[in-house]
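There's a structure below that I have some questions on.
The residues of the chain are indexed from 1 along the displayed sequence.
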Amino acid sequence: MKKSFIISNFMLKMWMKEILKILNTKTKQAVSVIVALFLIFIASLVGYQLTSLSLTSFFSGDPKSLTLLIVSMYFNASIFTMVLFILFKTVATDYDRLSIQLSWFPIKRYEKNLGYFLLFSNMVIGLVILFISLIIVPASVMQGAGVRFIFAFLVGLFLQSSFMLFLIHFLYNFISFIVRICKIPFTKLLSLFLIVMIVVSYVLEIFNINKLLTNFTDFDYNLMYFLTPVFLGLMGELALVEVNLYIILGGYILVAIASYFSLFLMDPESEKKSLKFLQFIPMPRSKFGALIVKEVKCQSRNEENLLNFILIILLTIMFSLKFNVNQSLIVLFILSGTTGIVALNSFGNDLKMNTSYKMFGLSESKVAMGKWVGLCILSFVQLIIYCLILMYVPESLLSTLQIILIAMNSVALFYVAGIVFPIDKKNPYTGILAFSFLLCMLIPIFFIGNFVMGQVDGTLKYAMIIAFEIVLVVTIVFVNKWRFHQV
C-alpha cells in the first residue's frame with residue numbers, strides 16, 4: 001500500500017513539474033490566478049441561476065424540493081463521473097515509460113495499478129466535486145443554507161461520486177479480464193464500448209420522473225443517487241424517508257472492495273506494434289507538404305486515436321439505432337466537435353522530431369501550421385465517415401460551413417491543450433491533465449461566449465467569429481513556438 005502512494009505521489013510531482021514549466025514566473029502565476037478566479041466567478045453565477053429557485057422553495061418550508069434537488073444533483077454527479085472515467089480512459093495511454101521503469105523494481109502489479117488508480121480517481125472525483133459544487137454551493141450561500149447544509153452536501157457528493165467510480169472501475173477491469181480470456185483483440189476498445197452500453201441501458205431503464213418524485217417518502221436504492229440518504233441523515237431529515245442505512249453503507253463498502261480486488265485482474269501492459277496505414281501516399285518534395293503528410297500518417301497510425309475513433313463510430317451507430325435520431329444535423333454538430341481529439345497527443349507523439357525540424361530550418365510557425373492542416377484533414381475525413389454512417393449531408397451551405405468551422409476549432413483547441421501538457425510515454429496519464437485543463441477552460445468560456453453572441457447580431461457577430469479564429473491561429477503559433485524552444 002505504501003508503494004502505491006509513493007507511485008501516485010511521484011506521478012503527481014511529474015504533473016506539477018509540467019505545470020511549473022508553464023507558470024515559471026511570478027507574472028504568469030498571478031495572471032493564471034486572476035483568470036482562474038474569473039472563470040470560477042462566472043461558473044458560480046451560472047450555478048446560482050440554475051439552483052436558486054429550488055433552494056428558495058426549500059427554505060420557504062418545502063423539504064420535498066430539497067430531496068428532489070439533491071437526488072438530481074447526485075444523479076448528475078454519477079453521470080459526470082462515468083463520462084469522465086470513459087473520456088480519461090480513452091486519452092490515457094496504457095503503456096508509458098514509468099511502467100517500464102517500475103517493472104525493474106520489487107513492486108507487485110496490483111501496487112502499481114493502485115498507484116495509478118489513486119491519481120486517476122482523485123482527478124475524476126475532484127472535477128466532479130468542483131463542477132457540481134459550483135452549481136449548488138453559491139446559491140446555498142446566498143440563501144443562508146449554513147455550514148451544515150454545505151458540509152452534508154459535499155460529503156454525500158464525495159461518497160456518491162466515489163461509489164460510481166468504484167463501480168465502473170470494477171466493471172471495466174472485470175470486462176477487460178473476460179475479453180482477454182476470450183483472446184478477443186482491441187481489449188480496451190471493446191471494454192469501453194460494453195461499459196457505455198451497460199451505462200446507457202441502465203440509465204434508460206431506471207430513469208423515471210415518477211420514481212424520482214417518490215424518493216421523498218420511499219427510497220428506491222437507485223445506484224445513480226445511492227448515497228442520498230447520507231445527506232439526509234447529516235441534515236436530520238432521514239426520518240422522512242423510508243430507507244435502510246445498512247444497505248447503503250454495506251453496498252458502498254462492497255463496491256469499494258470489489259473495485260480494489262479488480263486491480264488484480266489487470267493484465268501487465270505489452271508494447272503495441274506500430275500500424276502502417278496510408279503507406280501508399282508518397283511524401284511530397286516540399287517541406288510544408290511533407291509536414292502535412294507526416295502528420296496525417298503518424299496520427300492515423302496512433303492506436304489511441306484509432307481506438308477513440310472506432311469507439312465514437314460504434315457509439316454513433318448504437319445511439320442511431322437505439323433512439324432513432326431524427327435531428328441528424330445536431331448530431332453532426334456534436335460529432336464535429338469530437339473530431340479534434342485526434343490532435344490531443346499530436347505534439348507529444350512528435351517530441352523526438354523537434355531536433356530534426358530545427359536541423360532542416362523549419363520555423364515554429366511553419367511546423368505549427370503544417371501539423372494543424374494535417375490534423376484538419378483527418379478531422380474532415382472523420383466528418384465524411386460520420387455523414388456516411390448517419391446517411392445525412394447538410395442541406396445548406398451555411399450549415400456545412402458551421403460544421404467545418406467547429407471541426408477546425410476543435411482541432412485547434414485540442415492541439416493547444418496537448419502542447420501545454422504534452423502527452424508522451426515519459427509522463428503517465430498526462431492526457432488526463434490536458435483534458436482536464438481543456439474542460440475547465442471551455443465550460444466557462446462556452447457560457448460567456450453563448451451570452452455575448454446572444455447579445456449581438458448581424459455584422460458584429462461575424463466579425464467576432466473571425467476575430468476569435470485569428471486569435472486561435474495566433475495562439476497555436478505562439479504556444480508551439482514556446483514549447484519548441486523548451487525541448
Item to complete: Take Val381 and Val296, measure what side-chain contact (heavy atoms from CB on, under 4.5 Å) needs, and give me the verdict at the end.
Response: CA-CA 11 Å; Val381 171; Val296 171; over 6 Å; no
Side chain to side chain donor-acceptor pair (under 3.5 Å) filter on Thr339, not counting sequence neighbours, yields Ser379
Sorted by chain and number, sequence neighbours left out, side-chain contact (heavy atoms from CB on, under 4.5 Å) with Leu401 holds for Leu397
Check: Should Ile377 and Ile292 count as side-chain neighbours, where that means a heavy-atom distance under 4.5 Å?
Finding: yes
Interatomic distance, CZ@Phe117 vs NE2@His169, rounded to 0.5 Å, equals 4.5 Å
side-chain contact (heavy atoms from CB on, under 4.5 Å) filter on Ile181, not counting sequence neighbours, yields Phe177
May I ask you to test the Ile132-Tyr74 pair for a side-chain heavy-atom distance under 4.5 Å? no
I'd like to know if the side chain of Ser300 reaches the main chain of Lys297, judged simply by a donor and an acceptor atom lying under 3.5 Å from each other, with no hydrogens or angles considered.
yes
Item to complete: Tell me, yes or no, whether the heavy-atom count around Lys294 atom NZ, taken from other residues, nucleotides or ligands under 6.0 Å, exceeds 12.
Response: yes
Smallest heavy-atom separation, Ile195 atom then Tyr172 atom, equals CD1-N, 3.6 Å
So salt bridge (charged side-chain N to carboxylate O under 4.0 Å, His left out) across residues 370-393, not counting sequence neighbours, yields Glu295-Lys371, Asp350-Lys371
In short, side-chain hydrogen bond (donor to acceptor under 3.5 Å, both in side chains) pairs touching residues 403-413 with sequence neighbours left out are Asn409-Glu469
- Query: What do you reckon, is CZ of Phe333 surrounded by more than 12 foreign heavy atoms closer than 6.0 Å?
  - Reply: yes
Taken in chain and number order and not counting sequence neighbours, the residues that satisfy side chain to side chain donor-acceptor pair (under 3.5 Å) with Ser399 are Ser396
Looking only at heavy atoms, the pair that brings Leu157 and Ser133 closest together is CD2-OG, 4.1 Å
Check against side-chain contact (heavy atoms from CB on, under 4.5 Å), Ile86 and Val196: CA-CA 8 Å; Ile86 294 168; Val196 173; 3.6 Å; yes
Closest non-hydrogen contact found for Ala368 with Val477 is CB-CA, 4.3 Å
Correct closest heavy-atom pair for Val342 and Gln299 would be O-NE2, 2.7 Å
(message) Contact between Leu263 and Tyr260 at the side-chain level, heavy atoms closer than 4.5 Å - yes or no?
(response) yes
Taken in chain and number order and not counting sequence neighbours, the residues that satisfy side-chain contact (heavy atoms from CB on, under 4.5 Å) with Ile313 are Phe309, Ile317, Ile385, Tyr386, Ile389
_With a 6.0 Å cut-off (strictly less than), is the heavy-atom count around CZ of Phe261, excluding the residue itself, greater than 12?_
no
One should read off an interatomic distance between Phe120 CZ and Phe85 CZ, to the nearest 0.5 angstrom, of 5.0 Å
Are Met224 and Met164 side-chain neighbours, meaning at least one heavy-atom pair lies under 4.5 Å?
-> yes
Rounded to the nearest 0.5 angstrom, the CG-CE distance for Leu192 and Met197 is 13.5 Å
ask   = Taking the side chain as C-beta and beyond, is there a heavy-atom pair between Ile198 and Ile175 under 4.5 Å?
value = yes
With sequence neighbours left out, the residues meeting ring-ring contact (aromatic ring centres under 6.0 Å, His included) with Phe166 are none
*Is it true that a side-chain atom of Ser259 and a backbone atom of Val255 form a donor plus acceptor pair closer than 3.5 Å?*
no
Rounded to the nearest 0.5 angstrom, the CD1-CD1 distance for Ile419 and Ile476 is 7.5 Å
CG of Leu84 to CG of Leu165, rounded to nearest 0.5 Å, is 9.5 Å
Between Leu223 and Leu167, the two heavy atoms sitting closest are CD1-CD2, 4.0 Å
Sorted by chain and residue number, the side-chain contact (heavy atoms from CB on, under 4.5 Å) partners of Ile404 (sequence neighbours excluded) come out as Phe380, Thr400, Met408
### Test log, rule side-chain contact (heavy atoms from CB on, under 4.5 Å), inputs Phe414 and Val411
CA-CA 5 Å; Phe414 277 102; Val411 168; over 6 Å; no
Are any side-chain N or O atoms of Arg180 and backbone N or O atoms of Leu265, one a donor and one an acceptor, separated by less than 3.5 Å? yes
Between Phe88 and Leu127 the two heavy atoms that sit nearest each other are CZ-CD1, 3.6 Å
Taken in chain and number order and not counting sequence neighbours, the residues that satisfy ring-ring contact (aromatic ring centres under 6.0 Å, His included) with Tyr415 are none
For Ser121, the side chain to side chain donor-acceptor pair (under 3.5 Å) test, sequence neighbours excluded, returns none
Contacts of Ser262 meeting side chain to side chain donor-acceptor pair (under 3.5 Å) (sequence neighbours excluded), chain-then-number -> Asn173
Output for pair (Leu378 CG, Ile341 CD1), nearest 0.5 Å, gives 13.5 Å
- Query: Heavy-atom count around Tyr392 OH within 6.0 Å, excluding the residue itself: above 12?
  - Reply: yes
* Asked: Does Met369 reach the side chain of Val473, with side-chain heavy atoms less than 4.5 Å apart?
  -> yes
